[in-house]
Amino acid sequence: MSEPITTAASLPITITGLTKTYGDAKALDHVDLNIRSGEFLTLLGPSGSGKTTLLMTIAGFTRPDSGSLRFGETEVICTPPHKREVGMVFQSYALFPHMNVAENIAFPLTLRHLPKNEIAQRVEHALETVQLGGYGQRGIAQLSGGQRQRVALARAIVFEPRILLMDEPLSALDKKLREHMQIELRHLHDKLGMTTVYVTHDQREALTMSDRIAVINQGRVMQLGDPETLYERPASKFVADFIGDSTFLPVVTSGSEAVCHGRPLALPPDTPIRANSFLMLRPEKLRRLENGDAEAGMNIFNGTLKHIVYQGDSVLTQVTLPDGQVICMRGASQPDPTEIQVGGPVTLGLRREDTILVCDD
Ligand code: ADP
Ligand code: MG
């Protein structure tokens, strides 16, 4: 058994005021982002939000209009890609079909003119690190999607980069393999310890893998935080909507109170009451109340049952409020059909501490 590859040291990445425009489109709009040494940071955002542009700028393939990019203390904005010592995994694998697995992985080392025996040794280590030991002589066409992605990963880490960049590397894989690879990639990161910037548009993938997530929209960082903070305390309606399932009920302000559906809301202490707020309703935070089992300070929503959706691991109950808006509750089990019928009354409760207001920004 050979030892796994370990990196010499990881590096923090400091991004300040990065801007990139294509014609009228602002792909990056004054992006500031401090990525910690050794952390797994995910750029999460919808298609066209600027994730790839930001990653390509870090890699050196895209030159920004203005701004600063530092690896550790070193400004690298004018450093060409091959001198940045950054490992990169693309969505499309970008493997060379005419080379076998070992030749593909050796490519970055061949470019760096390493001695042949050292190349062979490092390729073998990289293959073992991605659990493809013994696959060196296979052709690329003989590999499954997941194996190809691991070869791409081995090629990215074979020269022991201090920074690893991955752009939607799992998006071509089916759900089961994708979920398996998410855990594997995270383990690999923990083993190698390099600063990793990962791009995805899949919020669940981001929540699963990341130390911190930067939510990107229209070339701007909307919020940076750990998964729990982003999910539980989104800073805006955009972030609340993008991460997790929610419905939003409009809130009006009346003096120092926030009023929703004609009732003042019980809110956690120190909630700022701002104009144009919305109440964020996560399905798993709502629960159905039987006669009188509301806790003190709970917010109550009366409606009628619209539909019950059995989803295997959980049950989604849709409730129509008097103004016609539909809210959803997720529970572990089927409600008793003798107590609750389509069109019949349903009361849902939301605990005060789960009552979160968000605003458009
Ligand atoms: P994402 O990776 O989040 O889907 P991109 O970074 O690819 O987003 O794109 C951000 C914006 O910049 C989009 O509006 C896209 O059309 C535009 N864009 C990206 N690359 C180019 C390019 N080479 N030429 C023109 N427009 C581009
Ligand atoms: Mg992209």
Side-chain angles (χ1 to χ4, degrees), residues 13-35 40-69 76-82 84 86-95 145 148-149 152-153 155-156 163-175 178 181-182 185 189 195-210 212-225 227 230 234-244 361:
I13 305 173
T14 309
I15 296 168
T16 319
L18 272 192
T19 297
K20 176 73 185 177
T21 41
Y22 291 108
D24 292 340
K26 274 197 174 160
L28 299 178
D29 188 1
H30 292 93
V31 172
D32 295 328
L33 193 58
N34 291 332
I35 304 170
F40 195 115
L41 183 127
T42 296
L43 307 175
L44 172 69
S47 174
S49 56
K51 306 180 296 296
T52 294
T53 305
L54 184 52
L55 207 70
M56 288 303 194
T57 305
I58 298 172
F61 296 115
T62 295
R63 173 74 74 99
D65 302 333
S66 57
S68 154
L69 172 68
V76 295
I77 210 85
C78 295
T79 309
H82 65 279
R84 292 193 188 191
V86 161
M88 179 102 200
V89 181
F90 300 92
Q91 180 173 359
S92 57
Y93 314 146
L95 297 173
R148 284 179 203 195
Q149 194 49 276
L153 189 62
R155 188 178 58 181
I163 293 170
L164 178 63
L165 308 177
M166 292 187 265
D167 193 354
E168 311 227 14
L170 307 181
S171 58
L173 307 180
D174 63 42
K175 184 168 180 290
R178 204 164 62 228
M181 287 294 292
Q182 288 167 4
L185 282 182
H189 165 267
T195 308
T196 300
V197 187
Y198 189 92
V199 164
T200 183
H201 63 271
D202 179 338
Q203 48 100 12
R204 185 174 283 278
E205 184 163 295
L207 292 173
T208 303
M209 302 182 75
S210 319
R212 292 193 301 164
I213 301 170
V215 180
I216 312 281
N217 192 34
Q218 298 183 331
R220 288 185 297 142
V221 177
M222 307 297 288
Q223 189 174 0
L224 171 66
L230 287 186
S236 63
K237 186 166 177 267
F238 176 83
V239 172
D241 201 16
F242 199 73
I243 299 188
D361 25 17

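Throughout, numbering of the chain's residues begins at 1 and tracks the sequence. In listed order, ligands and their atoms are each counted from 1.
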Next item on the list: Using a strict cut-off of 4.0 Å, indicate which atoms of ligand 1 neighbour a heavy atom of Ser49.
Entry: 1 (P), 3 (O), 8 (O)
Item checked: Heavy-atom side-chain contact between Phe242 and Ser236 under 4.5 Å -> no
Item checked: N/O/S from Thr53 sitting under 2.8 Å away from the Mg ion (ligand 2) -> no
Checklist line | Rounded distance [0.5 Å steps], OG1 in Thr208 versus CZ in Arg178 | finding: 10.5 Å
Margin query: Within the 3.5 Å criterion, strictly below it, is a donor on Asn217 or Ser49 matched to an acceptor on the partner's side chain?
Written below: no
Note to self: If you define the side chain from C-beta out and look only at heavy atoms, does anything of Asn34 sit under 4.5 Å from Thr16?
What the structure shows: no
Check: How many angstroms lie between CD1 in Ile15 and CD1 in Ile13, if you round to the nearest 0.5 Å?
Finding: 6.5 Å
Margin query: For atom 23 (N) of ligand 1, what is the closest protein heavy atom, and at what distance to 0.1 Å?
Written below: Tyr22 CE2, 3.7 Å
Next item on the list: Measure the CD-CZ distance between Glu168 and Phe90 for me, rounded to the nearest 0.5 Å.
Entry: 13.5 Å
Notebook entry, point to check: How close does the nearest protein non-hydrogen atom get to atom 3 (O) of ligand 1, and which residue and atom is it?
Noted result: Lys51 NZ, 2.8 Å
Next item on the list: Number the atoms of ligand 1 from 1 as they appear, then name those within less than 4.0 Å of a heavy atom of Pro46, with their elements.
Entry: 3 (O)
Checklist line | Numbered atoms and elements of ligand 1 in range of Ser47, under 4.0 angstrom, heavy atoms | finding: 4 (O)
Margin query: For Thr52 and Asp167, which I'm curious about, is there any donor-acceptor pair between the side chains at under 3.5 Å?
Written below: yes
Check: How far is atom 12 (O) of ligand 1 from its nearest protein heavy atom, and which residue and atom name does that atom have?
Finding: Ala27 CB, 3.4 Å
Check: Are any of the N/O atoms in Gly50 less than 3.5 Å from those in ligand 1?
Finding: yes
Next item on the list: Kindly assign one of parallel, tilted or perpendicular to the pair His189 and Phe40, based on the angle between their ring planes and the thresholds 30° and 60°.
Entry: perpendicular
Check: Which residue holds the protein heavy atom closest to atom 5 (P) of ligand 1, what is that atom called, and what is the gap in Å?
Finding: Thr53 OG1, 3.6 Å
Notebook entry, point to check: What protein heavy atom sits nearest atom 7 (O) of ligand 1, and how far off is it?
Noted result: Thr52 CB, 3.8 Å
Notebook entry, point to check: Among the heavy atoms of Gly48, does any lie under 4.0 Å from an atom of ligand 1?
Noted result: yes
Check: Out of curiosity, is Gly23 lining ligand 1, as in a heavy atom under 4.0 Å away?
Finding: no
Next item on the list: Might you check, step by step, whether the distance between atom 15 (C) of ligand 1 and some protein heavy atom is under 4.0 Å?
Entry: no
Checklist line | Whether Arg212 side chain and Thr42 backbone form a donor-acceptor pair below 3.5 Å | finding: no
